[in-house]
Amino acid sequence: MASEIPFQRIRLNLRKYILEPAKRRREVKLSDMKEFFSDLEAAERMLSSGKDPVIYQYCEYEASEEPDNLILGLTVIYPGKVGKEYFMTRGHFHEKDSGEIYYCIYGSGIILIQSKDGQTAYMELKQGDLCYVPPGWGHRTINTGRKRFVFLFVYPSGSGHDYGIIKEKGFAKLVIEEKGKWKVVDNPRYLG
Ligand code: PAN
Ligand code: ZN
């Protein structure tokens, strides 16, 4: 039947920053990821003063769960900081070492990548920029602007996400604000 063909128009709703249709949606608040920020005391202070902001949200469209399909998604990272560190995604490695494409559609930020042996690289992404994340590299995105940082991403289904390594060791680099500007610095607590 025609309706079973995974072939449909997907709309980018730029008013709500969602894909329509989207099969998975997730909102990540500070309380869901406080251990990922380097200044845990600053995170705890925000939470105990009653602030639990949404750090980012994302939705995904997956036509089929069969391997070799592609997953299309949209992430919105809100502007803000925890201590000096900007709001960011948790970051992960793909379990299957697959690559990924990012396309910034609004705002600006940084994509930070890291190999399993601790090599790092980063790139600034502004509206209209694309980035290819090579297979095997962990990746995290950071909103360094005052607006929302919004990007599309595409990766193979069945890639899997490993958050454990990042949660345990952290990223070797942090993106912080200093004198009103973003700066990439070594993470003093990195357990590489
Ligand atoms: C992105 C991320 C999304 C949320 O879709 O999953 O931006 O970030 P975390 O998964 O690190 O919380 C991606 O890289 N998917 O593979
Ligand atoms: Zn990924």
Side-chain angles (χ1 to χ4, degrees), residues 10 12 16-19 21-38 43 52-65 67-80 82 85-116 120-125 127 129-145 147-175 187:
I10 302 156
L12 184 53
K16 295 189 190 160
Y17 292 108
I18 53 168
L19 297 175
K23 294 197 174 158
R24 275 190 293 274
R25 278 200 210 175
R26 169 123 206 243
E27 206 174 65
V28 181
K29 291 184 164 183
L30 178 59
S31 54
D32 299 316
M33 62 172 294
K34 62 178 182 183
E35 313 80 3
F36 287 83
F37 286 100
S38 64
D52 188 9
V54 175
I55 308 289
Y56 64 100
Q57 68 192 50
Y58 60 99
C59 63
E60 292 190 330
Y61 173 81
E62 186 172 16
S64 156
E65 287 179 9
D68 298 335
N69 276 276
L70 293 172
I71 294 176
L72 168 67
L74 181 76
T75 302
V76 179
I77 309 179
Y78 289 91
V82 175
E85 198 174 18
Y86 293 103
F87 282 8
M88 61 187 185
T89 59
R90 289 166 295 173
H92 56 263
F93 283 86
H94 291 171
E95 285 162 356
K96 285 208 175 147
D97 279 359
S98 45
E100 184 157 358
I101 302 280
Y102 278 71
Y103 174 48
C104 176
I105 59 170
Y106 186 76
S108 59
I110 304 278
I111 179 159
L112 186 58
I113 64 170
Q114 177 165 314
S115 63
K116 289 191 180 133
T120 58
Y122 65 88
M123 189 186 292
E124 196 174 7
L125 291 178
Q127 191 171 330
D129 291 339
L130 279 150
C131 171
Y132 172 68
V133 179
W137 289 71
H139 41 284
R140 164 180 285 168
T141 34
I142 300 111
N143 185 353
T144 52
K147 302 188 286 192
R148 280 175 278 204
F149 177 32
V150 185
F151 53 88
L152 285 165
F153 56 86
V154 184
Y155 67 99
S157 54
S159 294
H161 292 80
D162 182 345
Y163 295 95
I165 308 174
I166 310 283
K167 196 170 181 179
E168 229 173 84
K169 299 184 177 180
F171 261 89
K173 302 281 180 188
L174 304 175
V175 185
N187 178 0

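Excluded from the calculations below are hydrogen atoms, water molecules and symmetry mates; all remaining heavy atoms, backbone and side chain alike, are included. Numbers here simply count residues along the sequence, with the first being 1. Everything numeric here is computed off the predicted structure, so don't read it as measured data. Counting convention: from 1, in listed order, for ligands and their atoms alike.
- Geometrically, Arg26 does not engage Tyr58 in a cation-pi contact, judged by NZ or CZ lying under 6.0 Å from the ring centre and within 45° of the ring axis.
- Judged purely by distance below 3.5 Å, without hydrogens or angles, the side chains of Glu100 and His94 pair a donor atom with an acceptor atom.
- In this structure, Asn143 contributes its side chain and Gly109 its backbone to no donor-acceptor pair below 3.5 Å.
- Contacts with ligand 1 closer than 4.0 Å are made by side-chain heavy atoms of Tyr102 only, the backbone lying farther away.
- Closest to atom 2 (C) of ligand 1 among all protein heavy atoms lies His92 CE1, 3.7 Å.
- Nearest protein heavy-atom neighbour of atom 7 (O) of ligand 1: Thr75 OG1, 2.8 Å.
- In this structure a side-chain-to-backbone donor-acceptor pair under 3.5 Å is present from Asp52 to Ser31.
- Within the 4.0 Å heavy-atom shell around ligand 1 one does not find Met33.
- Residue contact annotation: His92 places an N/O/S atom under 2.8 Å from the Zn ion (ligand 2).
- Annotation for ligand 1: atoms under 4.0 Å from non-hydrogen atoms of His94 are 16 (O).
- When non-hydrogen atoms are compared, ligand 1 lies under 4.0 Å from neither the backbone nor the side chain of Arg140.
- Gly91 counts as a contact of ligand 1, since one of its heavy atoms falls under 4.0 Å from the ligand.
- Checked options Phe149, Tyr132, Phe151; the residue passing with Tyr102 is Phe151 (criterion: ring pair (Phe, Tyr, Trp, His ring centres under 6.0 Å)).
- Using cut-offs of 30° and 60° on the angle between ring planes, the pair Tyr17 and Tyr106 is tilted.
- Close approach to Glu100 involves these atoms of ligand 1, each under 4.0 Å from a residue heavy atom: 1 (C), 5 (O), 13 (C), 14 (O), 15 (N), 16 (O).
- When atom types are taken as modelled, the side chain of Glu85 and the backbone of Ser38 share a donor-acceptor pair closer than 3.5 angstrom.
- Both tests do not hold together for Lys173 against Tyr122: distance to the six-membered ring centre under 6.0 Å, angle to the ring axis within 45°.
- Here is the list of ligand 1 atoms found below 4.0 Å of a heavy atom in Tyr155: 15 (N), 16 (O).
- Under a 4.0 Å criterion applied to the non-hydrogen atoms of His139, ligand 1 contributes the atoms 14 (O).
- Within ligand 1, counting atoms from 1 as listed, the ones closer than 4.0 Å to a heavy atom of His161 are 15 (N), 16 (O).
- Distances from the Zn ion (ligand 2) to the N/O/S atoms of Glu100 are shortest for OE1.
- With distances taken over non-hydrogen atoms, the option nearest atom 12 (O) of ligand 1 out of Phe93, Tyr58, Tyr163, Tyr56 is Tyr56.
- Between the side chain of Arg24 and the main chain of Glu60, no donor-acceptor pair closer than 3.5 Å is present.
- Between the side chains of Thr120 and Gln114, no donor-acceptor pair is found at a separation under 3.5 Å.
- Between Glu60 and ligand 1, no pair of N/O atoms sits closer than 3.5 Å.
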